[in-house]
Amino acid sequence: MKALIVAALDKLRAQLRGLNITQLIATCANLQPEQADAAIPAVAVALRSLAHRHQHLSTEIANLDELLEPLVAAINPALLAANGVGPDVAGQLLVSAGENHD
């Protein structure tokens with residue numbers, strides 16, 4: 001997304017400049033290319049598409065983390081208690097440990 005923004009026209013870059021990642025994703029997801037200047041639509045469509053993909057994947061990751069946490073807690077609750085180890089990392093550690101036992 002940042003490469004597209006760098007290559008965009010000044011008007012679009014100015015609209016997106018200074019936004020944090022959350023604001024950038026939300027703003028790009030709401031871009032309306034059909035209302036933009038004639039030279040902006042291609043970049044706006046690409047940014048909107050990437051922002052929607054980012055939002056969808058972020059939601060999917062959160063949903064999978066919710067499913068993974070009780071499984072990890074049942075198998076090895078000490079992993080979740082370790083500082084800095086979330087359900088995804090703990091799940092990866094458990095899978096790796098299981099593969100090494102085979």
The reported gap from CE in M1 to CG in L24 (rounded to nearest 0.5 angstrom) is 4.5 Å
> Can you hop from L57 to I25 via hydrophobic side chains spaced under 4.5 Å?
Replying inline: no
Exercise. Would you confirm whether N76, through its side chain, and V72, through its main-chain N or O, come within 3.5 Å as a donor-acceptor pair?
Key: no
Rounded to the nearest 0.5 angstrom, the OG-CZ distance for S58 and R53 is 12.5 Å
P77 and I75 have their tightest heavy-atom pair at CD-C, 4.0 Å
By side-chain contact (heavy atoms from CB on, under 4.5 Å), Q23 pairs with (sequence neighbours left out) L19, N20
Side chains of C28 and L50: closer than 4.5 Å at any heavy-atom pair? no
For R13, the salt bridge (Lys or Arg N to Asp or Glu O under 4.0 Å) test, sequence neighbours excluded, returns D10
Between R48 and A29, the two heavy atoms sitting closest are CG-O, 3.5 Å
**OP:** Given side chain to side chain contact (heavy atoms under 4.5 Å, CB included), test V43 with L9 step by step and report yes or no.
**Re:** CA-CA 9 Å; V43 173; L9 294 177; over 6 Å; no
Ignoring hydrogens and geometry, is there a side-chain-to-backbone donor-acceptor pair from S96 to Q92 under 3.5 Å? yes
Practice problem: Under the side chain to side chain contact (heavy atoms under 4.5 Å, CB included) rule, what do L31 and L12 come out as? Steps first, then yes or no, please. | Solution: CA-CA 10 Å; L31 286 174; L12 182 57; 4.1 Å; yes
Grouping ILVMFWY residues whenever side-chain heavy atoms fall under 4.5 Å, the cluster of I61 otherwise contains none
